[in-house]
Colleague: 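Got a structure here, written out as C-alpha coordinates. Questions coming.
Values below: all heavy atoms of this structure, side chains included; hydrogens, waters and symmetry mates excluded.
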Amino acid sequence: MNEAPFIFKRCRSFSLFSVLFCSVLFFTIQKNIVIMWPTIIRRKLATNASSTPSVLKQALQGTPPANSPRYATISKRLVLLGRGSNIVNIAGRQGCPGYPAHVKHIRDVQVSFPLSMWTRLYSSENGDLADAVVPFMGESISDGTLAKFLKKPGDRVEVDEPIAQIETDKVTIDVNSPEAGIIQKLVAKEGDVVQPGIKIAVISKSGEGVAHVASSEKVTSKPPPESSPAEKKTVTEELPKAKPSSPKASSRPSSATDAQAAQPSKSSVKEPQLPPKERERRIPMTRLRKRVATRLKDAQNTFAMLTTFNEVDMTNLMKLRADYKDAFFERHGVKLGLMSGFVKAAVSALQHQPVINGVIDGDDIIYRDYIDISIAVGTSKGLVVPVLRDADKLNFADIEKQINMLAKKANDGTISIDEMAGGTFTISNGGVYGSLLSTPIINPPQSAILGMHSIVNRPMVVGGEVVPRPMMYIALTYDHRLIDGREAVFFLRRIKDVVEDPRRLLIDV
(Lines give C-alpha, C1' and ligand atoms only; values in the text may rest on other atoms or scores of the structure.)
Protein backbone atom coordinates (compact mmCIF):
# COMPACT_ATOMS: atom_id res chain seq x y z
CA MET A 1 0.00 0.00 0.00
CA ASN A 2 2.94 2.36 0.65
CA GLU A 3 4.37 1.81 -2.91
CA ALA A 4 1.43 3.44 -4.73
CA PRO A 5 2.27 7.12 -4.00
CA PHE A 6 5.87 6.46 -4.94
CA ILE A 7 4.88 4.95 -8.26
CA PHE A 8 2.47 7.81 -8.91
CA LYS A 9 5.19 10.39 -8.28
CA ARG A 10 7.59 8.60 -10.66
CA CYS A 11 4.95 8.44 -13.36
CA ARG A 12 4.18 12.13 -12.96
CA SER A 13 7.88 13.01 -13.19
CA PHE A 14 8.24 10.82 -16.26
CA SER A 15 5.23 12.55 -17.89
CA LEU A 16 6.64 16.01 -17.23
CA PHE A 17 9.98 14.89 -18.63
CA SER A 18 8.27 13.49 -21.75
CA VAL A 19 6.34 16.71 -22.35
CA LEU A 20 9.51 18.78 -21.95
CA PHE A 21 11.46 16.50 -24.26
CA CYS A 22 8.76 16.58 -26.94
CA SER A 23 8.54 20.37 -26.73
CA VAL A 24 12.29 20.77 -27.21
CA LEU A 25 12.24 18.29 -30.08
CA PHE A 26 9.30 20.07 -31.72
CA PHE A 27 10.94 23.52 -31.60
CA THR A 28 14.22 22.07 -32.86
CA ILE A 29 12.53 20.46 -35.84
CA GLN A 30 10.59 23.63 -36.59
CA LYS A 31 13.77 25.69 -36.44
CA ASN A 32 15.56 23.30 -38.79
CA ILE A 33 12.65 23.39 -41.21
CA VAL A 34 12.66 27.19 -41.23
CA ILE A 35 16.41 27.22 -41.88
CA MET A 36 16.49 24.41 -44.44
CA TRP A 37 13.32 25.31 -46.41
CA PRO A 38 14.92 28.19 -48.41
CA THR A 39 17.87 25.94 -49.29
CA ILE A 40 15.51 23.21 -50.47
CA ILE A 41 13.65 25.70 -52.68
CA ARG A 42 16.90 27.06 -54.14
CA ARG A 43 18.21 23.58 -54.93
CA LYS A 44 14.90 22.54 -56.43
CA LEU A 45 14.71 25.65 -58.61
CA ALA A 46 18.33 25.22 -59.77
CA THR A 47 18.23 21.50 -60.50
CA ASN A 48 14.77 21.04 -61.96
CA ALA A 49 13.20 24.17 -63.42
CA SER A 50 10.40 22.18 -65.01
CA SER A 51 9.01 21.21 -61.61
CA THR A 52 9.04 24.79 -60.29
CA PRO A 53 5.27 25.27 -60.49
CA SER A 54 4.63 22.15 -58.44
CA VAL A 55 7.18 23.23 -55.79
CA LEU A 56 5.61 26.64 -55.46
CA LYS A 57 2.15 25.11 -55.40
CA GLN A 58 3.15 22.95 -52.43
CA ALA A 59 4.80 25.94 -50.76
CA LEU A 60 1.73 28.13 -51.19
CA GLN A 61 -0.65 25.58 -49.78
CA GLY A 62 -1.63 25.90 -46.19
CA THR A 63 -0.92 29.61 -45.91
CA PRO A 64 -2.20 31.03 -42.60
CA PRO A 65 -4.72 33.87 -42.66
CA ALA A 66 -3.61 37.42 -43.24
CA ASN A 67 -4.57 38.59 -39.74
CA SER A 68 -2.28 36.11 -38.02
CA PRO A 69 0.20 38.08 -35.84
CA ARG A 70 2.94 35.48 -36.01
CA TYR A 71 3.17 34.53 -39.67
CA ALA A 72 3.70 36.67 -42.77
CA THR A 73 1.09 36.57 -45.52
CA ILE A 74 1.32 36.43 -49.30
CA SER A 75 1.65 39.95 -50.63
CA LYS A 76 1.05 39.18 -54.27
CA ARG A 77 -0.26 36.12 -55.99
CA LEU A 78 0.25 36.75 -59.70
CA VAL A 79 1.42 39.91 -61.40
CA LEU A 80 0.86 39.48 -65.12
CA LEU A 81 3.22 41.60 -67.14
CA GLY A 82 1.78 40.99 -70.60
CA ARG A 83 1.52 38.39 -73.26
CA GLY A 84 4.79 36.52 -73.58
CA SER A 85 6.12 38.10 -70.37
CA ASN A 86 7.17 36.33 -67.22
CA ILE A 87 4.83 35.89 -64.27
CA VAL A 88 6.21 36.93 -60.91
CA ASN A 89 5.04 35.17 -57.74
CA ILE A 90 6.23 36.86 -54.57
CA ALA A 91 5.77 34.41 -51.72
CA GLY A 92 5.30 36.67 -48.71
CA ARG A 93 6.95 39.91 -47.67
CA GLN A 94 9.26 38.06 -45.29
CA GLY A 95 10.01 35.02 -47.49
CA CYS A 96 8.03 31.83 -48.06
CA PRO A 97 4.50 31.58 -46.68
CA GLY A 98 4.35 30.06 -43.26
CA TYR A 99 7.58 31.67 -42.09
CA PRO A 100 7.65 33.49 -38.75
CA ALA A 101 7.47 37.24 -39.14
CA HIS A 102 11.06 37.78 -37.94
CA VAL A 103 12.63 35.62 -40.64
CA LYS A 104 14.78 37.64 -43.05
CA HIS A 105 13.74 38.18 -46.67
CA ILE A 106 15.20 35.51 -48.92
CA ARG A 107 14.42 36.46 -52.53
CA ASP A 108 11.57 36.67 -54.97
CA VAL A 109 10.94 33.67 -57.17
CA GLN A 110 10.39 34.32 -60.88
CA VAL A 111 8.69 31.57 -62.82
CA SER A 112 7.35 31.26 -66.37
CA PHE A 113 3.94 29.65 -66.77
CA PRO A 114 2.27 28.88 -70.13
CA LEU A 115 -0.74 31.08 -69.33
CA SER A 116 -2.59 33.20 -71.85
CA MET A 117 -3.85 35.89 -69.43
CA TRP A 118 -2.58 39.45 -69.39
CA THR A 119 -3.63 42.76 -67.96
CA ARG A 120 -2.04 44.97 -70.59
CA LEU A 121 -0.97 43.75 -73.99
CA TYR A 122 2.76 43.86 -74.71
CA SER A 123 3.83 45.98 -71.73
CA SER A 124 5.22 45.61 -68.23
CA GLU A 125 4.61 48.77 -66.28
CA ASN A 126 6.92 50.02 -63.55
CA GLY A 127 5.58 53.28 -62.14
CA ASP A 128 6.36 56.11 -64.53
CA LEU A 129 8.15 53.78 -66.98
CA ALA A 130 6.53 51.33 -69.37
CA ASP A 131 8.40 48.60 -71.25
CA ALA A 132 7.65 47.95 -74.92
CA VAL A 133 8.06 44.22 -75.46
CA VAL A 134 7.89 41.91 -78.47
CA PRO A 135 4.30 40.69 -78.99
CA PHE A 136 3.09 37.17 -79.65
CA MET A 137 3.95 36.37 -83.28
CA GLY A 138 2.06 33.14 -83.97
CA GLU A 139 2.02 29.51 -82.97
CA SER A 140 4.67 28.48 -85.51
CA ILE A 141 6.99 31.48 -85.00
CA SER A 142 9.39 31.42 -82.06
CA ASP A 143 11.57 34.43 -82.87
CA GLY A 144 12.10 37.25 -85.33
CA THR A 145 14.66 39.82 -86.43
CA LEU A 146 14.36 43.42 -85.29
CA ALA A 147 14.33 45.07 -88.72
CA LYS A 148 14.22 48.75 -87.78
CA PHE A 149 13.05 51.25 -85.20
CA LEU A 150 10.38 53.68 -86.34
CA LYS A 151 11.07 55.99 -83.39
CA LYS A 152 14.23 57.17 -81.64
CA PRO A 153 14.90 58.27 -78.04
CA GLY A 154 13.18 61.55 -77.30
CA ASP A 155 10.31 61.04 -79.74
CA ARG A 156 6.73 61.39 -78.57
CA VAL A 157 4.50 58.31 -79.03
CA GLU A 158 0.84 57.61 -78.47
CA VAL A 159 -0.88 54.44 -77.26
CA ASP A 160 -0.65 51.57 -79.79
CA GLU A 161 1.57 53.64 -82.10
CA PRO A 162 4.16 51.45 -83.89
CA ILE A 163 7.69 52.04 -82.65
CA ALA A 164 9.53 49.13 -84.31
CA GLN A 165 9.11 46.40 -86.93
CA ILE A 166 10.06 42.74 -86.55
CA GLU A 167 10.61 40.51 -89.57
CA THR A 168 9.70 36.84 -89.34
CA ASP A 169 9.80 33.99 -91.80
CA LYS A 170 6.32 34.90 -93.04
CA VAL A 171 5.19 38.39 -92.05
CA THR A 172 6.39 41.71 -90.66
CA ILE A 173 4.99 42.52 -87.21
CA ASP A 174 4.76 45.94 -85.56
CA VAL A 175 5.73 46.53 -81.93
CA ASN A 176 3.25 49.07 -80.57
CA SER A 177 3.71 51.48 -77.70
CA PRO A 178 1.88 50.30 -74.55
CA GLU A 179 1.49 53.83 -73.17
CA ALA A 180 1.54 57.42 -74.34
CA GLY A 181 4.78 59.19 -73.49
CA ILE A 182 8.33 59.79 -74.64
CA ILE A 183 10.80 57.08 -75.57
CA GLN A 184 13.51 57.16 -72.92
CA LYS A 185 15.88 54.59 -74.39
CA LEU A 186 16.14 51.70 -76.84
CA VAL A 187 17.21 48.45 -75.22
CA ALA A 188 17.66 46.29 -78.32
CA LYS A 189 19.48 47.04 -81.57
CA GLU A 190 18.48 46.65 -85.19
CA GLY A 191 19.39 43.20 -86.46
CA ASP A 192 18.96 41.46 -83.10
CA VAL A 193 17.04 38.19 -82.95
CA VAL A 194 14.23 38.64 -80.41
CA GLN A 195 11.61 36.36 -78.87
CA PRO A 196 8.10 37.21 -77.63
CA GLY A 197 8.26 39.03 -74.31
CA ILE A 198 11.71 40.55 -74.85
CA LYS A 199 11.94 44.24 -73.91
CA ILE A 200 13.15 46.48 -76.73
CA ALA A 201 12.38 50.02 -75.49
CA VAL A 202 11.51 51.96 -72.36
CA ILE A 203 8.83 54.66 -72.47
CA SER A 204 8.50 57.43 -69.91
CA LYS A 205 4.92 58.53 -69.36
CA SER A 206 5.92 61.92 -67.94
CA GLY A 207 9.01 62.45 -70.08
CA GLU A 208 11.37 62.79 -67.11
CA GLY A 209 15.00 61.85 -67.68
CA VAL A 210 14.76 62.16 -71.46
CA ALA A 211 15.92 65.77 -71.79
CA HIS A 212 19.00 65.09 -69.66
CA VAL A 213 20.01 62.18 -71.86
CA ALA A 214 19.54 64.22 -75.03
CA SER A 215 21.63 67.13 -73.70
CA SER A 216 24.46 64.83 -72.62
CA GLU A 217 24.53 63.29 -76.09
CA LYS A 218 24.83 66.74 -77.65
CA VAL A 219 27.73 67.64 -75.36
CA THR A 220 29.66 64.50 -76.19
CA SER A 221 29.08 64.95 -79.91
CA LYS A 222 31.01 68.26 -80.09
CA PRO A 223 34.10 68.08 -82.35
CA PRO A 224 37.54 68.40 -80.70
CA PRO A 225 39.05 71.93 -80.63
CA GLU A 226 41.30 72.82 -83.52
CA SER A 227 44.99 73.43 -82.85
CA SER A 228 46.44 76.95 -83.00
CA PRO A 229 48.60 78.14 -85.94
CA ALA A 230 51.69 78.12 -83.74
CA GLU A 231 51.17 74.49 -82.85
CA LYS A 232 50.63 73.60 -86.54
CA LYS A 233 53.94 75.37 -87.39
CA THR A 234 55.82 73.49 -84.68
CA VAL A 235 54.48 70.15 -85.88
CA THR A 236 55.40 70.96 -89.47
CA GLU A 237 58.99 71.81 -88.48
CA GLU A 238 59.37 68.59 -86.52
CA LEU A 239 58.45 66.43 -89.52
CA PRO A 240 61.53 65.08 -91.33
CA LYS A 241 62.10 66.58 -94.74
CA ALA A 242 62.02 64.16 -97.63
CA LYS A 243 65.24 63.97 -99.60
CA PRO A 244 64.82 64.75 -103.27
CA SER A 245 65.79 62.00 -105.63
CA SER A 246 68.96 62.47 -107.62
CA PRO A 247 68.37 62.91 -111.34
CA LYS A 248 71.66 61.21 -112.04
CA ALA A 249 70.63 58.13 -110.16
CA SER A 250 67.36 57.94 -112.05
CA SER A 251 69.08 58.37 -115.37
CA ARG A 252 71.44 55.44 -114.86
CA PRO A 253 70.64 52.47 -117.07
CA SER A 254 69.34 49.40 -115.32
CA SER A 255 71.21 46.16 -115.37
CA ALA A 256 70.52 43.33 -117.79
CA THR A 257 68.84 41.32 -115.07
CA ASP A 258 66.35 44.11 -114.37
CA ALA A 259 65.59 44.41 -118.06
CA GLN A 260 64.82 40.72 -118.34
CA ALA A 261 62.57 40.84 -115.28
CA ALA A 262 60.69 43.79 -116.68
CA GLN A 263 59.84 41.94 -119.91
CA PRO A 264 56.57 39.92 -119.55
CA SER A 265 56.78 36.21 -120.04
CA LYS A 266 55.13 35.01 -123.23
CA SER A 267 53.98 31.77 -121.60
CA SER A 268 52.28 33.45 -118.58
CA VAL A 269 48.46 33.74 -118.63
CA LYS A 270 47.06 37.19 -117.95
CA GLU A 271 44.47 37.18 -115.16
CA PRO A 272 41.16 38.96 -115.83
CA GLN A 273 40.73 42.36 -114.25
CA LEU A 274 37.89 42.09 -111.76
CA PRO A 275 35.99 45.15 -110.56
CA PRO A 276 37.19 46.47 -107.22
CA LYS A 277 35.41 45.45 -104.05
CA GLU A 278 34.58 49.07 -103.31
CA ARG A 279 32.01 48.96 -106.11
CA GLU A 280 30.11 46.08 -104.51
CA ARG A 281 27.60 46.06 -101.64
CA ARG A 282 26.91 43.13 -99.32
CA ILE A 283 23.52 43.24 -97.56
CA PRO A 284 22.15 40.43 -95.33
CA MET A 285 19.06 38.66 -96.61
CA THR A 286 15.81 39.33 -94.81
CA ARG A 287 14.13 36.46 -93.02
CA LEU A 288 11.26 36.54 -95.50
CA ARG A 289 13.63 36.32 -98.47
CA LYS A 290 15.56 33.44 -96.88
CA ARG A 291 12.31 31.61 -96.18
CA VAL A 292 11.08 32.06 -99.75
CA ALA A 293 14.43 30.89 -101.13
CA THR A 294 14.41 27.79 -98.93
CA ARG A 295 10.84 26.82 -99.83
CA LEU A 296 11.35 27.29 -103.56
CA LYS A 297 14.55 25.24 -103.55
CA ASP A 298 12.89 22.51 -101.50
CA ALA A 299 10.03 22.43 -104.00
CA GLN A 300 12.48 22.10 -106.86
CA ASN A 301 14.26 19.23 -105.12
CA THR A 302 11.08 17.42 -104.03
CA PHE A 303 8.56 17.68 -106.87
CA ALA A 304 8.83 16.18 -110.33
CA MET A 305 7.74 19.47 -111.89
CA LEU A 306 6.44 19.64 -115.44
CA THR A 307 4.78 22.59 -117.20
CA THR A 308 2.13 22.53 -119.92
CA PHE A 309 0.87 25.59 -121.84
CA ASN A 310 -2.18 26.85 -123.64
CA GLU A 311 -3.51 30.17 -124.93
CA VAL A 312 -6.78 31.92 -124.18
CA ASP A 313 -8.79 34.36 -126.25
CA MET A 314 -9.74 37.12 -123.79
CA THR A 315 -12.31 38.81 -126.06
CA ASN A 316 -15.51 37.66 -124.32
CA LEU A 317 -14.25 38.12 -120.75
CA MET A 318 -12.97 41.61 -121.53
CA LYS A 319 -16.29 42.46 -123.18
CA LEU A 320 -18.18 41.22 -120.14
CA ARG A 321 -16.02 43.40 -117.95
CA ALA A 322 -16.48 46.48 -120.15
CA ASP A 323 -20.27 46.06 -120.30
CA TYR A 324 -20.91 45.64 -116.59
CA LYS A 325 -17.99 47.33 -114.80
CA ASP A 326 -20.01 50.49 -113.94
CA ALA A 327 -23.07 48.61 -112.72
CA PHE A 328 -20.83 46.17 -110.83
CA PHE A 329 -19.02 48.98 -109.03
CA GLU A 330 -22.28 50.75 -108.20
CA ARG A 331 -23.80 47.59 -106.79
CA HIS A 332 -20.83 46.08 -104.90
CA GLY A 333 -18.47 49.02 -104.36
CA VAL A 334 -15.51 47.27 -105.95
CA LYS A 335 -14.11 47.18 -109.48
CA LEU A 336 -14.64 44.14 -111.68
CA GLY A 337 -11.25 42.69 -112.65
CA LEU A 338 -9.99 39.70 -114.58
CA MET A 339 -8.74 37.77 -111.53
CA SER A 340 -12.26 36.90 -110.39
CA GLY A 341 -12.98 35.31 -113.76
CA PHE A 342 -9.82 33.18 -113.58
CA VAL A 343 -10.54 32.18 -109.98
CA LYS A 344 -14.02 30.98 -110.98
CA ALA A 345 -12.51 29.15 -113.95
CA ALA A 346 -9.88 27.51 -111.70
CA VAL A 347 -12.58 26.39 -109.26
CA SER A 348 -14.55 24.81 -112.10
CA ALA A 349 -11.40 23.08 -113.43
CA LEU A 350 -10.51 21.75 -109.96
CA GLN A 351 -14.00 20.33 -109.60
CA HIS A 352 -13.60 18.55 -112.95
CA GLN A 353 -10.04 17.34 -112.11
CA PRO A 354 -9.97 16.80 -108.29
CA VAL A 355 -6.55 15.10 -108.38
CA ILE A 356 -4.93 18.50 -109.01
CA ASN A 357 -6.41 19.65 -105.68
CA GLY A 358 -4.71 16.76 -103.88
CA VAL A 359 -1.19 16.25 -102.55
CA ILE A 360 1.21 13.40 -101.82
CA ASP A 361 1.91 12.78 -98.13
CA GLY A 362 4.48 10.03 -97.68
CA ASP A 363 3.00 6.91 -99.21
CA ASP A 364 -0.54 8.33 -99.23
CA ILE A 365 -2.51 10.73 -101.41
CA ILE A 366 -4.66 13.35 -99.68
CA TYR A 367 -7.74 14.42 -101.65
CA ARG A 368 -9.12 17.69 -100.32
CA ASP A 369 -12.88 18.21 -100.44
CA TYR A 370 -12.52 21.98 -100.16
CA ILE A 371 -10.97 24.56 -102.45
CA ASP A 372 -8.72 27.29 -101.02
CA ILE A 373 -7.13 29.37 -103.76
CA SER A 374 -3.79 31.05 -102.97
CA ILE A 375 -3.07 34.31 -104.81
CA ALA A 376 0.64 35.15 -105.25
CA VAL A 377 1.32 38.82 -104.45
CA GLY A 378 4.71 40.39 -105.04
CA THR A 379 5.68 43.09 -102.54
CA SER A 380 8.78 45.21 -102.01
CA LYS A 381 9.81 42.90 -99.15
CA GLY A 382 9.20 39.62 -100.95
CA LEU A 383 6.58 37.21 -102.23
CA VAL A 384 3.55 36.45 -100.05
CA VAL A 385 0.64 34.14 -100.86
CA PRO A 386 -2.66 35.03 -99.13
CA VAL A 387 -5.51 32.53 -99.37
CA LEU A 388 -9.12 32.80 -100.51
CA ARG A 389 -10.98 30.43 -98.19
CA ASP A 390 -13.73 28.26 -99.72
CA ALA A 391 -13.36 29.89 -103.11
CA ASP A 392 -16.01 27.58 -104.56
CA LYS A 393 -18.62 29.34 -102.38
CA LEU A 394 -17.65 32.90 -103.39
CA ASN A 395 -19.20 34.96 -106.16
CA PHE A 396 -17.42 37.50 -108.36
CA ALA A 397 -17.94 40.38 -105.91
CA ASP A 398 -16.69 38.40 -102.90
CA ILE A 399 -13.59 37.33 -104.78
CA GLU A 400 -12.74 40.87 -105.90
CA LYS A 401 -13.28 42.27 -102.39
CA GLN A 402 -11.09 39.67 -100.71
CA ILE A 403 -8.33 39.98 -103.31
CA ASN A 404 -8.22 43.77 -102.89
CA MET A 405 -8.20 43.49 -99.10
CA LEU A 406 -5.44 40.86 -98.99
CA ALA A 407 -3.31 42.66 -101.58
CA LYS A 408 -3.53 45.90 -99.59
CA LYS A 409 -2.53 44.14 -96.39
CA ALA A 410 0.36 42.41 -98.14
CA ASN A 411 1.73 45.69 -99.51
CA ASP A 412 1.28 47.44 -96.14
CA GLY A 413 2.93 44.59 -94.28
CA THR A 414 -0.08 44.02 -92.03
CA ILE A 415 -1.16 40.63 -93.34
CA SER A 416 -1.39 37.92 -90.68
CA ILE A 417 -0.08 34.38 -90.72
CA ASP A 418 -3.57 32.91 -90.60
CA GLU A 419 -4.42 34.71 -93.86
CA MET A 420 -1.52 32.95 -95.60
CA ALA A 421 -1.74 29.50 -94.05
CA GLY A 422 -3.02 26.56 -96.07
CA GLY A 423 -4.18 26.76 -99.67
CA THR A 424 -4.78 23.91 -102.09
CA PHE A 425 -4.01 25.62 -105.43
CA THR A 426 -2.13 28.80 -106.41
CA ILE A 427 -2.67 31.40 -109.13
CA SER A 428 0.24 33.65 -110.08
CA ASN A 429 -0.38 36.62 -112.37
CA GLY A 430 2.91 37.65 -113.92
CA GLY A 431 1.04 39.57 -116.59
CA VAL A 432 0.75 42.62 -114.32
CA TYR A 433 4.54 43.01 -114.71
CA GLY A 434 4.49 42.37 -118.46
CA SER A 435 5.53 38.72 -118.44
CA LEU A 436 4.71 37.02 -121.75
CA LEU A 437 5.56 33.43 -120.78
CA SER A 438 6.95 31.68 -117.70
CA THR A 439 7.13 28.36 -115.84
CA PRO A 440 5.94 28.98 -112.26
CA ILE A 441 7.21 26.92 -109.31
CA ILE A 442 4.81 24.91 -107.15
CA ASN A 443 3.99 26.33 -103.73
CA PRO A 444 4.33 23.48 -101.17
CA PRO A 445 2.36 21.62 -99.89
CA GLN A 446 0.33 21.97 -103.09
CA SER A 447 0.63 19.99 -106.29
CA ALA A 448 0.03 22.58 -109.04
CA ILE A 449 0.14 26.29 -109.84
CA LEU A 450 -1.50 28.30 -112.63
CA GLY A 451 0.51 31.06 -114.30
CA MET A 452 -1.26 33.99 -116.01
CA HIS A 453 0.58 36.32 -118.39
CA SER A 454 0.17 39.58 -120.25
CA ILE A 455 -2.58 40.13 -122.83
CA VAL A 456 -1.19 40.80 -126.31
CA ASN A 457 -3.08 41.42 -129.55
CA ARG A 458 -2.03 38.76 -132.01
CA PRO A 459 -3.38 37.74 -135.43
CA MET A 460 -5.70 34.77 -135.07
CA VAL A 461 -7.77 32.82 -137.59
CA VAL A 462 -11.47 33.19 -136.72
CA GLY A 463 -14.10 31.88 -139.15
CA GLY A 464 -11.55 31.54 -141.92
CA GLU A 465 -10.34 35.14 -141.54
CA VAL A 466 -7.27 36.55 -139.88
CA VAL A 467 -8.35 39.03 -137.19
CA PRO A 468 -6.53 40.62 -134.22
CA ARG A 469 -7.47 39.09 -130.89
CA PRO A 470 -6.36 39.80 -127.27
CA MET A 471 -4.54 36.60 -126.39
CA MET A 472 -2.99 35.36 -123.15
CA TYR A 473 -0.64 32.43 -122.58
CA ILE A 474 -1.47 30.32 -119.52
CA ALA A 475 0.84 27.76 -117.92
CA LEU A 476 0.21 24.94 -115.46
CA THR A 477 3.16 23.56 -113.49
CA TYR A 478 2.22 20.32 -111.75
CA ASP A 479 3.75 17.48 -109.75
CA HIS A 480 4.16 14.67 -112.26
CA ARG A 481 4.41 12.12 -109.43
CA LEU A 482 0.70 12.61 -108.76
CA ILE A 483 -0.75 14.28 -111.86
CA ASP A 484 -0.48 12.80 -115.33
CA GLY A 485 -0.27 14.86 -118.49
CA ARG A 486 -3.83 13.95 -119.40
CA GLU A 487 -5.31 15.57 -116.27
CA ALA A 488 -3.06 18.62 -116.64
CA VAL A 489 -4.11 19.23 -120.25
CA PHE A 490 -7.80 18.74 -119.44
CA PHE A 491 -7.41 21.20 -116.58
CA LEU A 492 -6.03 23.93 -118.84
CA ARG A 493 -8.65 23.18 -121.49
CA ARG A 494 -11.41 23.72 -118.93
CA ILE A 495 -9.95 27.07 -117.91
CA LYS A 496 -9.68 28.06 -121.58
CA ASP A 497 -13.30 27.10 -122.25
CA VAL A 498 -14.69 28.99 -119.23
CA VAL A 499 -12.66 32.16 -119.83
CA GLU A 500 -13.49 32.28 -123.53
CA ASP A 501 -17.19 31.68 -122.82
CA PRO A 502 -18.15 32.72 -119.24
CA ARG A 503 -21.76 31.63 -119.89
CA ARG A 504 -20.61 28.08 -119.17
CA LEU A 505 -20.53 28.96 -115.47
CA LEU A 506 -24.28 29.65 -115.52
CA ILE A 507 -25.35 26.36 -117.01
CA ASP A 508 -22.38 24.26 -115.73
CA VAL A 509 -21.26 22.81 -119.04
Side-chain angles (χ1 to χ4, degrees), residues 292 295-314 316-317 337-360 365-368 370-378 383 385-388 391-392 399 403 422-456 458 470-502 504-505:
V292 170
R295 286 176 60 86
L296 293 180
K297 188 58 181 176
D298 290 343
Q300 194 177 42
N301 296 335
T302 302
F303 299 131
M305 289 190 291
L306 186 64
T307 306
T308 183
F309 303 92
N310 211 322
E311 59 181 357
V312 179
D313 188 350
M314 301 291 296
N316 292 331
L317 185 60
L338 299 178
M339 279 299 300
S340 56
F342 274 90
V343 169
K344 297 293 289 184
V347 168
S348 178
L350 289 172
Q351 291 172 344
H352 281 73
Q353 302 295 332
V355 67
I356 296 179
N357 202 42
V359 66
I360 293 178
I365 299 176
I366 299 177
Y367 289 95
R368 304 182 177 107
Y370 60 94
I371 298 176
D372 290 347
I373 303 294
S374 302
I375 307 295
V377 178
L383 181 67
V385 191
V387 180
L388 297 176
D392 53 326
I399 294 173
I403 289 177
T424 61
F425 183 77
T426 299
I427 299 178
S428 175
N429 186 8
V432 296
Y433 308 111
S435 174
L436 181 63
L437 196 62
S438 67
T439 56
I441 299 178
I442 298 174
N443 179 28
Q446 302 172 9
S447 297
I449 179 173
L450 175 67
M452 298 169 53
H453 302 91
S454 59
I455 301 174
V456 179
R458 296 201 305 268
M471 303 299 296
M472 174 192 289
Y473 288 117
I474 56 175
L476 179 71
T477 300
Y478 57 96
D479 186 3
H480 209 352
R481 301 176 304 166
L482 174 64
I483 304 169
D484 294 331
R486 174 178 177 272
E487 286 82 6
V489 172
F490 284 167
F491 181 89
L492 277 188
R493 283 293 303 273
R494 179 61 184 176
I495 291 182
K496 175 182 172 67
D497 294 340
V498 172
V499 172
E500 290 184 346
D501 189 2
R504 290 176 176 270
L505 295 174

Colleague: His453 side chain to Tyr473 main-chain N or O, any donor-acceptor pair under 3.5 Å?
Modeller: yes
Colleague: Taking all non-hydrogen atoms of both residues, which atom of Ala475 and which atom of Pro440 are closest, and how far apart?
Modeller: CB-CD, 4.2 Å
Colleague: Taking all non-hydrogen atoms of both residues into account, name the closest pair between Ala488 and Thr308 and its distance.
Modeller: CB-CG2, 4.1 Å
Colleague: Starting at CE of Met314, measure out to CE of Met471 and round the result to the nearest 0.5 Å.
Modeller: 10.0 Å
Colleague: Of all the heavy-atom pairs spanning Leu476 and Phe491, show the shortest one and how long it is.
Modeller: CD2-CD2, 3.7 Å
Colleague: Do you know the tightest heavy-atom contact between Pro354 and Tyr367?
Modeller: O-CD2, 4.3 Å
Colleague: When you measure from the side chain of Thr477 to the backbone of Leu306, do you find a donor-acceptor pair of N or O atoms at a distance under 3.5 Å?
Modeller: no
Colleague: By the definition side chain to side chain contact (heavy atoms under 4.5 Å, CB included), identify the one residue from Val359, Asn357, Ile366, Val387 that meets it with Thr424.
Modeller: Asn357
Colleague: Checking side chain to side chain contact (heavy atoms under 4.5 Å, CB included) for the pair Leu338/Asn429: CA distance, chi angles, key distance, verdict?
Modeller: CA-CA 10 Å; Leu338 299 178; Asn429 186 8; over 6 Å; no
Colleague: Checking Leu450 against Leu492 for the side chain to side chain contact (heavy atoms under 4.5 Å, CB included) test, could you report, in this order, the C-alpha distance in whole Å, the side-chain angles of both residues, the deciding distance, and whether it holds?
Modeller: CA-CA 9 Å; Leu450 175 67; Leu492 277 188; 3.8 Å; yes
Colleague: Ion pair present between Arg486 and Asp484, side-chain N to carboxylate O less than 4.0 angstrom?
Modeller: no
Colleague: Can you tell me if Arg295 uses its side chain to pair, donor with acceptor, with the backbone of Pro444 under 3.5 Å?
Modeller: yes
